Amino acid sequence: MSASTVRVRFAPSPTGGLHLGGVRTALFNYLFAQKHGGVFILRIEDTDQSRFVPGAEKYILDCLEWCGISPTEGPHQPGAFGPYRQSERKERYAQHAEALVAKGLAYYAFDTPEELESMRTNLKSDQNPSPQYDHKTRMQMRNSLSLCQKDVKQLLDSGQPHVVRIKMPAAETVSFHDMIRGEVSFQTDQVDDKVLLKADGMPTYHLAVVVDDHDMQITHAFRGEEWLPSAPVHLLLWEYLGWKEKMPKWAHLPLILKPDGQGKLSKRDGDRLGFPVFAMDWTDPRTGEETKGFKERGFLPEAFVNMLAMLGWNDGTGEEIFDLETLTERFSIERVHKGGAKFDFEKAKWFNQEWIKRSSTEKLLPLVSQQLLANGLEATENKLNEIIPLVKERCQLVNDFVAQSAFFFRDPASIDINTILPKWDAKKEQFFEHWMQIISDLAAFDATHIEAAFKDTAAAAEIKPGELQLPFRIMLVGGKFGPPVFEIAAHIGKESTQRRIRLCLELLKQQA
RNA sequence: GGCCCGUUGGUCAAUCGGUUAAGACGCCUCCCUUUCACGGAGGAAUGAGGGGUUCGAUUCCCCUACGGGCUACCA
């Protein structure tokens, strides 16, 4: 190992719920760091004070922890490269911005928002619907390039609000190697003079990401594909600041798209299509609006992470169920897909079902217990130990345990009587009357004994047991689902079994 | 509009010039089970279009089309 320890960072802005795309970026960072014995850092990009949402930082940390991919360095666990919130690093950015101005690589711009607005509307045309502040237009604007030195000094001295903009070269080609996409190149005359330092003294993302990645000695930088167009600004900044040889290797991750229409997946799509987009429940402290998360929707973190990893990446073997450890072994950034992937909630649920099937009763127990409790069902640990193995392969989501096991604890709330009715007759009714008696006399009330007695009784009544099993199930469960009937009868006990039969017989009488 | 990125079944996707073009989800049929689920066996379904390069293109190059991203003193 050389002196260059791998250092990666996940750098969300604390503006609200954590989007699954964000979690995937964090996951890839985590996997990469783990694989290379590196450090995974959390950096909070809170340079936009107007969008800051209290509580969001803690929430992000909670989400990552739930996923099992907690950063080892960050505001919660400062290392030697702090502070980890950009708002606390303010002076550094200003200093570098000034240095760039001094070197003639950036300049002060005094244009007011209104002036910018009018420039854009005036220059707007069918050929150019979104005019830029760039090498073509900057000399017509009010900045330290277009104004004479005296005026600039006066403006500065009088405390005129101003920003610092990068001076993009007129005709250069900027290219770099992306770990996922290979060579990518841009013409500098196509990119605008991005604001580096805002009027409030805070940096924009562009300046901050470069300064911080440098200061925090980031070796590999992963971010969403939406950042690709501004990459040339960042590349140039690394060069202008004199850090070119220390620039991290870039990887622009493909976007996660809406399942239907087009465009990147948003929280709105989740609301619209009925699935979560955030990792965990999020309540906006200002509006009070609540948004469901994967966790609360009933996802196991293992499944969530597994699903996310497979969205845009695969190891080439065709296997797709992986735990974090295996993911770490197999992961390679080069195998990340280039194209965006439409999110498929059905497949996401399949991953979860696979993980529920694979999870031990011990692991599932507290989660199931909590779900049941939330639905007014109290279950002992012993009971849960028996029930969980019986129903887990019927559950896609943890919440499904409620519907799949409620009948173990209380009489069914509704009876699907229409399943029984068509083939119901007096003979069957007599059978069940008799069957209640038989149950009373059964010495051992376990599945095998119940089944044997049931079949004997059916034989005596000259009815095929199969024709009676479904009605029996409906009586006990209320519907066509659940584990073997005799198991259920054994678990709920004699009294409950008899009571449910009686209740249902009465119901059937009313229908007749 | 400009720039950038992308494009294999409905969806996720393998293939790194030669394959009957994997596998998974979903869907359909059958078996197991007189419930549901699990499990098992099958099935339908894919290289956007056009040019090259090559003995040979899904694979390499170009063009077109389509999709997406960006085009803020937001990230």
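Computed from heavy atoms alone, side chains included, the values below leave out hydrogens, waters and symmetry copies. Convention: sequence-line order gives letters A, B, ...; per-chain numbering from 1. If you're wondering where the values come from, they're calculated on a predicted model, not measured in any experiment.
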Please state the C1' separation for the pair B:G10 and B:C63 - nearest whole angstrom.
-> 30 Å
How far apart are the C-alpha atoms of A:Asn29 and A:Arg9, what are their side-chain angles, what is the distance that settles it, and do they pass the side-chain hydrogen bond (donor to acceptor under 3.5 Å, both in side chains) test?
-> CA-CA 7 Å; A:Asn29 270 289; A:Arg9 99 276 119 133; 5.3 Å; no
When the C1' atoms of B:G18 and B:G9 are considered, how many whole Å apart are they?
-> 23 Å
Protein-nucleotide distance (A:Asn128, atom CG; B:G1, atom P), rounded to Å | 12 Å
Would you classify A:Leu116 as touching base, sugar-phosphate or nothing, given that sugar-phosphate means primed atoms plus P, OP1 and OP2, and contacts are heavy atoms under 4.0 Å?
-> base
Using distance alone, with no hydrogens and no angle criterion, decide if A:His252 and A:Glu225 have a side-chain donor and acceptor under 3.5 Å apart.
-> no
Centroid-to-centroid, A:Phe431 to A:Phe454, below 6.0 Å?
-> yes
Using 4.0 Å as the upper bound for N to carboxylate O, is an ion pair formed by A:Glu57 and A:Arg85?
-> yes
Please check the phosphate of B:C73 (OP1 and OP2 only) for any side-chain N or O of A:Gln49 closer than 4.0 Å.
-> no
Quote, to the nearest angstrom, the P distance that separates B:A41 from B:A21.
-> 23 Å
Donor-acceptor contact present, side-chain A:Asp193 to main-chain A:Met168, <3.5 Å | yes
Would you say A:Lys427 has more than 12 foreign heavy atoms packed within less than 6.0 Å of its NZ?
-> yes
Taking the six-membered ring of A:Tyr133, is NZ or CZ of A:Arg165 closer than 6.0 Å to its centre and within 45° of its axis?
-> yes
According to a strict under-4.0 Å criterion, is A:Thr204 in side-chain N/O contact with OP1 or OP2 of B:A72?
-> no
Quickly, which of A:Glu319, A:Arg335, A:Arg330 forms a side-chain hydrogen bond (donor to acceptor under 3.5 Å, both in side chains) with A:Asn314? Name it, please.
-> A:Arg335
Starting at CD1 of A:Ile420, measure out to CD1 of A:Ile474 and round the result to the nearest 0.5 Å.
-> 5.5 Å
Could you tell me which nucleotide pairs with B:G1 by Watson-Crick or G-U wobble geometry, both distances under 3.5 Å, or answer none if nothing does?
-> B:U71
For the residue pair A:His206 and A:Trp227, does the interplanar ring angle fall in the parallel (under 30°), tilted (30 to 60°) or perpendicular (over 60°) class?
-> perpendicular
The contact string for nucleotides 27-36 of chain B, one letter per nucleotide 5' to 3', using protein heavy atoms under 4.0 Å with B, S and - for base, sugar-phosphate only and none, comes out as -------BBB
Would A:Lys423 and A:Glu467 pass as an ion pair if we require N to O under 4.0 Å?
-> no
Counter-base of B:C27, judged by Watson-Crick or G-U geometry with both distances under 3.5 Å | B:G43
Would you mind checking if A:Asp200 and A:Lys198 are paired as a salt bridge, meaning a charged N to carboxylate O distance below 4.0 Å?
-> no
Expressed in angstrom and rounded to an integer, what is the separation of A:Lys194 atom NZ from B:C74 atom P?
-> 12 Å
Using whole Å, report how far CD of A:Gln396 lies from P of B:C25.
-> 12 Å
Length of the line joining A:Ile166:CD1 and B:C73:P, which is rounded to integer Å = 14 Å
Rounded distance in Å - CD (A:Gln353) to P (B:C25) = 10 Å
B:A24 and B:A14, which share atom name P, separated by this distance in whole Å | 15 Å
Return no unless some side-chain N or O of A:Arg51 is found under 4.0 Å from OP1 or OP2 of B:A75.
-> no
Please give the nucleotide sitting opposite B:U7 as a Watson-Crick or G-U wobble pair, both distances under 3.5 Å, or none.
-> B:A65
Within a radius of less than 6.0 Å around NZ of A:Lys363, do more than 12 heavy atoms belonging to other residues, nucleotides or ligands occur?
-> no
In Watson-Crick or G-U wobble terms, both distances under 3.5 Å, what is the partner of B:U54?
-> none
If the P atom of B:G69 is compared with that of B:C12, how far apart are they to the nearest Å?
-> 15 Å
Whole angstrom is fine here: how far is it from CE in A:Met307 over to C1' in B:A24?
-> 15 Å
Got more than 12 heavy atoms from elsewhere within 6.0 Å of CD, A:Glu462?
-> no
Between CH2 of A:Trp227 and P of B:C70 the distance, given in whole Å, is 9 Å
Just call it for A:Val163: base, sugar-phosphate, or nothing, with non-hydrogen atoms closer than 4.0 Å on any strand.
-> base
For B:G43 and B:G23, measure between their P atoms and round to the nearest Å.
-> 10 Å
Quick one: label A:Asp192 by what it contacts on the DNA or RNA (base, sugar-phosphate, nothing), any heavy atom closer than 4.0 Å.
-> nothing
Whole-Å P distance, B:A37 and B:U46 | 28 Å
With sugar-phosphate taken as primed atoms, P, OP1 and OP2 and all else as base, the protein-contact string of nucleotides 4-14 of chain B at under 4.0 Å (heavy atoms; B, S, -) is SBS----SSSS
Looking for any heavy atom pair under 4.0 Å, which part of the strands does A:Ser130 touch: base, sugar-phosphate only, or nothing?
-> base
Does any residue of residues 118-126 of chain A have a heavy atom under 4.0 Å from RNA chain B, and if so, which ones, in number order?
-> A:Arg120, A:Asp126
Interatomic distance at P, B:U11 relative to B:G26, whole Å = 16 Å
Separation of atom OH in A:Tyr205 from atom P in B:C70, rounded to whole Å = 13 Å
